[in-house]
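To start, the structure under review is shown below, and the notes come after it.
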Amino acid sequence: MTTRPYVILSAAMSVDGYLDDVSPERLILSNAADFDRVDQVRAESDAILIGATTIRKDNPRLLVNSEERRAQRVAEGKPAYPLKVTVTRTGDLSADLKFWHHGGEKLVVTVDDAVEKVRTTLGHLTDVISVGPVLDWGLVLDELGRRGIGRLMVEGGGTIHTQLMAADLADEVHLAIAPLLVGQPEAARFLGAADYPGGSTARMKVLEVRAIDDVVFVRYSPKERTT
């Protein structure tokens, strides 16, 4: 039986739970020290996953930025960069996005209706697979496990975080809480409405809490819930 990867949901959010505001520019929630922490988690991961909406909106490169950390990965027999993964139901991804042109190997996970569209647009830049007629997160994790991914870092967006939490597929949650208030209902949130395991009274286990300059970092274990 294929072993699924250990899944870490990673996000920076405002005190009132937002990932961004509605301005055209990306809201910077974290700080330099916390960005370095995120870089370390990336370096320790076998793959990093973000959704297609986040790629279109933020146009990230999604790299391990530290040369020293990349060298350490190579010394351990790993590629310099983790596998970069995105998921899409529509296949609406441009070949011009930075995601495809930086770092190492890439993978697009999609559904049957969109797989040929993605291969036509991106087949020369990335591996492309379908997990069937619908996007089943269990099948996504099974596929990553077959590819030898033992540790998966998920960097959003909120829809993906919500789906993985609701399906009880997250092993850890890493939250950097910025001392900001957004207060814009149209802005993206870390989690949305869902039928979460255990309901509203289930308390997750806290693994770590620490201040990183003006950001508070909290690490939870969602599968260790008490009521």
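Note that this is a predicted model, so its numbers are computed, not measured.
For Lys98, the NZ atom is loosely surrounded, since the number of other residues' heavy atoms within 6.0 Å does not exceed 12. Atom NZ of Lys57 is surrounded by more than 12 heavy atoms from other residues, nucleotides or ligands within 6.0 Å. For Gln40, the CD atom sits in a packed shell: over 12 heavy atoms of surrounding residues, nucleotides or ligands are nearer than 6.0 Å. For CZ of Arg146, the number of neighbouring non-hydrogen atoms (other residues, nucleotides, ligands) closer than 6.0 Å is greater than 12. Summarising the local packing, CD of Glu67 is surrounded by 12 or fewer heavy atoms from other residues, nucleotides or ligands at distances under 6.0 Å. Around the CZ atom of Arg203, the shell of radius 6.0 Å holds no more than 12 heavy atoms that belong to other residues, nucleotides or ligands.
Within the 4.5 Å cutoff, no side-chain heavy atoms of Leu83 are placed close to those of Asp46.
The hydrophobic cluster containing Val41 does not contain Leu152, counting ILVMFWY residues as joined when their side-chain heavy atoms lie under 4.5 angstrom apart, directly or transitively. Ile160 and Leu135 fall within the same hydrophobic cluster, where Ile, Leu, Val, Met, Phe, Trp and Tyr residues are linked whenever their side-chain heavy atoms come under 4.5 Å apart, directly or through other members. There is a path of hydrophobic side-chain contacts, each under 4.5 Å, that joins Val128 to Ile50. In the hydrophobic clustering of this structure, Leu191 groups with Val87; members are Ile, Leu, Val, Met, Phe, Trp, Tyr whose side-chain heavy atoms approach within less than 4.5 Å, directly or through other members. In this structure, Met13 is a member of the same hydrophobic cluster as Tyr220, with clusters built from ILVMFWY side-chain heavy atoms closer than 4.5 Å.
The two atoms that bring Ile129 and Val115 nearest to each other are C-CG2, 4.3 Å, heavy atoms only.
Checked by atom type and distance alone, the side chain of Thr110 pairs as donor or acceptor with a backbone atom of Thr88 at under 3.5 Å. When atom types are taken as modelled, the side chain of Thr162 and the backbone of Gly192 share a donor-acceptor pair closer than 3.5 angstrom. Formation of a donor-acceptor pair under 3.5 Å by the Ser14 side chain with backbone atoms of Tyr18 is found in this model. A donor-acceptor pair under 3.5 Å is absent between the side-chain atoms of Asp58 and the main chain of Pro60, judged by distance alone.
Sequence neighbours left out, the pairs with a member in residues 114-123 that pass side-chain hydrogen bond (donor to acceptor under 3.5 Å, both in side chains) are Asp92-Lys117, Glu116-Arg119.
The existence of a salt bridge linking Asp142 and Arg147 is excluded, since no basic side-chain nitrogen approaches an acidic carboxylate oxygen closer than 4.0 Å. Checked for salt-bridge contact, Arg26 and Asp20 miss the test: no charged N lies under 4.0 Å from a carboxylate O. Using a 4.0 Å cut-off between a side-chain N of Lys or Arg and a carboxylate O of Asp or Glu, Arg70 and Asp39 do not qualify as a salt bridge. Residues Glu44 and Arg42 are not paired through a salt bridge, judged by the lack of any N-O separation under 4.0 Å between the basic side chain and the carboxylate.
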### Query
Between Lys223 and Asp168, is a salt bridge (charged side-chain N to carboxylate O under 4.0 Å, His left out) present by the stated rule, with each step listed?
CA-CA 7 Å; Lys223 293 184 178 179; Asp168 204 22; 5.9 Å; no

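Looking at Tyr6 and Glu172, their side chains do bring a donor and an acceptor atom within 3.5 Å of each other.
Figure legend: cation-pi geometry between Lys84 and Phe99, with NZ or CZ positioned under 6.0 Å from the six-membered ring centre and within 45° of its axis.
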